[in-house]
Amino acid sequence: MIIREIREDDAILFLDLQKTIEEETQFMLLESGERETAVAEKRKLIRAVLNRDNQTVFVVENNDGRLVGYLRALGGEYEKSRHTAYITMGVLQEFTGQGLGTRLLETLDEWAQHNGIHRLELIVMQPNKAAIGLYEKMGYEIEGTKRDSLFIDGVYVDEYYMGKLLPKS
Ligand SMILES: CC(C)(COP(=O)(O)OP(=O)(O)OC[C@H]1O[C@@H](n2cnc3c(N)ncnc32)[C@H](O)[C@@H]1OP(=O)(O)O)[C@@H](O)C(=O)NCCC(=O)NCCS
C-alpha cells in the first residue's frame, strides 16, 4: 500500500472509491446515490485542488493499482482562514483496522507543516466511535457539538466539531 497525492487521471477511480465508501457506511454526509459528480467535473475539481498550496487529496493505492482510501484537506479560501484545513476521509470497509487511517493522518500532518497550515478541523457524527477514537489518538479534540444536526433513519443525531493545532510555522 502506498500513500500518494492524487493525480488528475485518478478521477474515475476516486469517484468509484467515494461512492463505494458512501454505500458501505452511514457515517459520510452524502448517502449512496447522492453524489452526482461526473468524471469530467471530478477531473476539474482535482486540478483545482492541486492548484492551491493549502489543499490536497491523499489516496491509498493498493498493490494492484486500486484506490482503497483517501483523505481530502480543503484549505481556507480567505487570507484570515488560509492557515486552516477542513478534512474528510474514508477507507474501504475491508481495509479498515489496518492502520491506513492513521497513516493518512500522519501524512496530512507532515503536508500541513510544509504548507502553512496551523489548524486542522473536521466534523464527525457522534455515533462514529471508530473515527472519533482515531482522531483522538492523533491529537484532535472535541471542540463543540452540533445538536440534532442530522436526521438518520428517523432519529436526530449530533455531530462533533473536532480540531487540532500544529506548531506555528
Ligand atoms: C474512520 C476510518 C477512516 C478509520 O480508518 P482505519 O484505516 O480503520 O483507521 P486505523 O486502522 O488507522 O485506526 C484505527 C484506530 O481507530 C480507533 N478505533 C477503531 N475502532 C474503534 C472503536 N470501536 N472505538 C474507539 N476507537 C476505535 C483506534 O484509535 C484505532 O487505533 P489503534 O488501532 O492504534 O488502537 C474508517 O473506519 C472509515 O473510513 N470509516 C467510514 C467512513 C468514515 O467514517 N469516515 C470518517 C468520517 S468523519
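When reading the values below, keep in mind they use all heavy atoms of this one structure, side chains included, and skip hydrogens, waters and symmetry mates. When a ligand or atom number is given, it counts from 1 through the structure's own listing order.
- The backbone N or O of Arg103 lies less than 3.5 Å from a partner atom in the side chain of Thr107, making a donor-acceptor pair.
- When only non-hydrogen protein atoms are considered, atom 42 (C) of ligand 1 lies nearest to Met28 SD, 3.5 Å.
- Formation of a donor-acceptor pair under 3.5 Å by the Asn62 side chain with backbone atoms of Leu67 is not found in this model.
- Between Ala131, Ala130, Gly69, Gly90, it is Ala130 that holds the heavy atom closest to atom 19 (C) of ligand 1.
- Counting only non-hydrogen atoms, the option in Met89, Glu136, Lys129 that gets closest to atom 25 (C) of ligand 1 is Lys129.
- An N or O contact shorter than 3.5 Å is missing between Thr96 and ligand 1 by distance.
- Within the set Gly97, Gly133, Gly99, Gly101, the minimum heavy-atom distance to atom 8 (O) of ligand 1 is found for Gly97.
- Taking a cut-off of under 4.0 Å to the non-hydrogen atoms of Leu100, the atoms of ligand 1 that pass are 7 (O), 12 (O).
- Proximity of atom 40 (N) of ligand 1 to the protein is not indicated, since no non-hydrogen protein atom lies closer than 4.0 angstrom.
- Applying the 4.0 Å criterion to heavy atoms of Phe27 picks out, from ligand 1, the atoms 44 (O), 47 (C).
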> Run the side chain to side chain contact (heavy atoms under 4.5 Å, CB included) check on Val39 and Leu15 step by step: do they pass?
Replying inline: CA-CA 7 Å; Val39 173; Leu15 207 47; 4.0 Å; yes
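- Judged by distance alone, the side chain of Asn115 and the main-chain N or O of Asn54 form no donor-acceptor pair under 3.5 Å.
- For atom 13 (O) of ligand 1, the nearest protein heavy atom lies under 4.0 Å away.
- For Ile123, the heavy-atom gap to ligand 1 drops under 4.0 angstrom.
- Of the N or O atoms in Val91, one or more lie within a sub-3.5 Å distance of an N or O in ligand 1.
- Atom 4 (C) of ligand 1 has Leu134 CD2, 3.6 Å as its closest protein atom, hydrogens excluded (heavy atom only).
- Not close to ligand 1: Leu122, with no non-hydrogen atom less than 4.0 angstrom away.
- Within the 4.0 Å heavy-atom criterion, the part of Gln98 lying near ligand 1 is the backbone and not the side chain.
- In summary, Lys164 and Asp109 engage in a salt bridge, as defined by a charged side-chain N under 4.0 Å from a carboxylate O.
- If you look at Tyr135 next to ligand 1, the close heavy atoms, those under 4.0 Å, all belong to the side chain.
- Note: Phe58 and Trp111 have perpendicular aromatic rings, judged against thresholds of 30 and 60 degrees for the angle between ring planes.
- The distance criterion of under 3.5 Å between nitrogen or oxygen atoms is not met by Arg103 with respect to ligand 1.
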>> Please evaluate residues Phe14 and Tyr70 with respect to the criterion ring-ring contact (aromatic ring centres under 6.0 Å, His included), reporting the C-alpha separation (whole Å), side-chain torsions for both, the decisive distance (0.1 Å), and the verdict.
In response: CA-CA 8 Å; Phe14 185 47; Tyr70 75 96; 5.2 Å; yes
> Do Tyr160 and Leu122 pass the side chain to side chain contact (heavy atoms under 4.5 Å, CB included) test, and can you show the C-alpha distance, the side-chain angles, and the key distance before you say yes or no?
Replying inline: CA-CA 8 Å; Tyr160 291 140; Leu122 59 93; over 6 Å; no
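- The closest protein non-hydrogen atom to atom 32 (P) of ligand 1 is Lys137 NZ, 3.7 Å.
- Around CG of Leu150, the count of heavy atoms belonging to other residues, nucleotides or ligands within 6.0 Å exceeds 12.
- At least one N/O-N/O distance between Asn128 and ligand 1 falls below 3.5 Å.
- If you check the side chains of Gln26 and Asn128, you find no donor sitting under 3.5 Å from an acceptor.
- At least one donor-acceptor pair under 3.5 Å links the side chain of Glu24 to the backbone N or O of Gln93.
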